[in-house]
Amino acid sequence: MKIRAGYDIAFKCLQDVPMVLMLTVHPSRRPDIVAGHALRVSPKVRTKDYIDAFGNVCTRLVAPPGLIELRSEFVIEDSGLPDAVAPEAARVPLDELPDDALVYLLGSRYCDTQHLTDLAWSTFGHVDGGWQLVQSICDYVHDRIRFGYRFARNDRTASQGHDERVGVCRDFAHLAVALCRCMNIPARYCTGYLGDIGVPADPAPMDFSAWFEAYIGGRWYTFDARHNHPRIGRIVIARGRDAADVAISTTFGPTELVRFKVMTDEVRTAERFPLQPDIDVKQDRTTQFAAATD
């Protein structure tokens, strides 16, 4: 199947503001892109990409005073299959884990394992197997936290999410990741696109999604404590220890988010591929919008 995805994001800046963006599809999925994907910035500014310590593509730029618009639209091929399910995947002994998986056993900014270790072992210590353990953690987190966009908070840790029992997709992922690490299962946080493909449409506006991957059975498997069932059409943007490593935008100065739109839809057979928006012809509208927000 083919999926059309992209974003339309705008910030208002009061001065020159350096930014680091993490909006590029992860290198592991780049071969699947069949149309588009270039970042379009208005007004045009110099951009520079680099690969961070976790293998994600980051974009640096300096936003000038006023309105800056960031857009991309692309088509990507996907298997159309739901997330893999492998009940036979076993827990990997600690001394046999790959070196690069060890960092995903450690506590991190939002995955405060030191506050959850006793809970984890008392709750899941009796569970055998690798897949069964991770799935038990997902079941627990799914039942523990109530989802709602009104509950979003950008400084909530995993243990706070456990205590408060509310949150958004990042809170489900943080708690599940932290509990896996407490049980000596490497787990890493993921962010990307996840549309309503194969499931009833969610009436809420589309957003980037968060899930996690656990290292069992000698490979990384996808898990999603919020939805807690296999989904179709995930498009990963970035992976890291937690949300601090994969922020969609990091700004080094005063900014105001004035527009945020994400799209992810299956391309029907009769549809034409989308074209990248021509930002040059949108300058008049951009100028009018900037004037209206002054």
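Computed over heavy atoms, backbone and side chain alike; hydrogens, waters and symmetry mates excluded.
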Task: Set of residues satisfying salt bridge (charged side-chain N to carboxylate O under 4.0 Å, His left out) with respect to Asp196, sequence neighbours excluded - done: Arg231
Open item on the list: Do Val20 and Thr59 have side chains that approach each other closer than 4.5 Å (heavy atoms only, starting at C-beta)?
Closed with: no
Task: Gln132: partners by side-chain hydrogen bond (donor to acceptor under 3.5 Å, both in side chains), with sequence neighbours left out - done: none
- [ ] Would you kindly check if the NZ (Lys) or CZ (Arg) of Arg219 is within the cone defined by 45 degrees around the ring axis of Tyr215 and under 6.0 Å from the six-membered ring centre?
- [x] no
Task: Connected-component partners of Tyr189 among ILVMFWY, side-chain separation under 4.5 Å - done: Met22, Val246
Open item on the list: Just verifying a value: how many Å separate Cys182 SG and His115 NE2, rounded to the nearest 0.5 Å?
Closed with: 11.0 Å
Task: CD1 on Ile248 to CG on Leu70, rounded to 0.5 Å - done: 11.5 Å
Open item on the list: Quick test of your reading: applying ring pair (Phe, Tyr, Trp, His ring centres under 6.0 Å), list the pairs with at least one residue in residues 77-110, sequence neighbours left out, ordered by first then second residue.
Closed with: Tyr104-Trp220, Tyr110-His174
Open item on the list: Restricting to salt bridge (charged side-chain N to carboxylate O under 4.0 Å, His left out), what partner residues turn up for Asp139, sequence neighbours left out?
Closed with: none
Task: Partner residues of Phe223 under the ring pair (Phe, Tyr, Trp, His ring centres under 6.0 Å) criterion, sequence neighbours left out - done: Trp131, Phe212
Task: Heavy-atom pair of closest approach, residues Pro186 and Leu105 - done: N-CD2, 3.5 Å
- [ ] Would you confirm whether Arg29, through its side chain, and Glu77, through its main-chain N or O, come within 3.5 Å as a donor-acceptor pair?
- [x] yes
Open item on the list: Tell me whether Asp95 at atom CG has more than 12 heavy atoms from other residues, nucleotides or ligands lying less than 6.0 Å away.
Closed with: yes
- [ ] Kindly check if the number of other-residue, nucleotide or ligand heavy atoms within 6.0 Å of CG (Asp118) is above 12?
- [x] no
- [ ] For residues Pro43 and Ile68, report the shortest heavy-atom separation together with the two atoms involved.
- [x] CD-CA, 4.2 Å
Open item on the list: We want to know whether Asp83 and Thr222 form a side-chain donor-acceptor pair, criterion being a heavy-atom distance below 3.5 angstrom.
Closed with: no
Open item on the list: For the aromatic rings, using the six-membered ring if either is Trp, is the centroid distance between Phe147 and His227 under 6.0 Å?
Closed with: no
Open item on the list: Quick check: closest heavy atoms across Arg165 and Asp143, and the distance to 0.1 Å?
Closed with: NH2-O, 4.3 Å
- [ ] List for me each residue that meets side-chain hydrogen bond (donor to acceptor under 3.5 Å, both in side chains) alongside Asp265, sequence neighbours excluded, and say none if there are none.
- [x] none
Task: Beyond-backbone contact of Ile145 with Arg226, side-chain heavy atoms, under 4.5 angstrom - done: no
Task: Arg146 side, atom CZ; Phe172 side, atom CZ - distance, nearest 0.5 Å - done: 10.0 Å
Task: Contacts of type salt bridge (charged side-chain N to carboxylate O under 4.0 Å, His left out), residue Arg181, not counting sequence neighbours - done: none
- [ ] Nearest 0.5 Å please: distance from the CG atom of Leu257 over to the CD1 atom of Ile9.
- [x] 7.5 Å
Open item on the list: Between Tyr193 and Tyr7, is the ring centroid distance below 6.0 Å?
Closed with: no
Open item on the list: On a heavy-atom basis, which atom in Ala187 and which in Cys180 lie closest, and how many Å separate them?
Closed with: CB-CB, 3.8 Å
Open item on the list: So, taking the atom named CG in Asp49 and the one named CZ in Arg60, what distance separates them when rounded to the nearest 0.5 Å?
Closed with: 11.0 Å
Task: Sequence-distant partners of Asn56, side-chain hydrogen bond (donor to acceptor under 3.5 Å, both in side chains), two or more places apart - done: Asp52
Open item on the list: Taking salt bridge (charged side-chain N to carboxylate O under 4.0 Å, His left out) as the definition, give me every residue that meets it alongside Arg241, ordered by chain and number, with sequence neighbours left out.
Closed with: Asp245
Open item on the list: Please enumerate all residues that pass side chain to side chain contact (heavy atoms under 4.5 Å, CB included) together with Ile197, with sequence neighbours excluded.
Closed with: Met1, Ile3, Ile232, Glu266
TODO: Apply side-chain hydrogen bond (donor to acceptor under 3.5 Å, both in side chains) to Arg153 and list each qualifying residue two or more places apart in sequence or on a separate chain.
DONE: Asp155, Gln160, Glu164
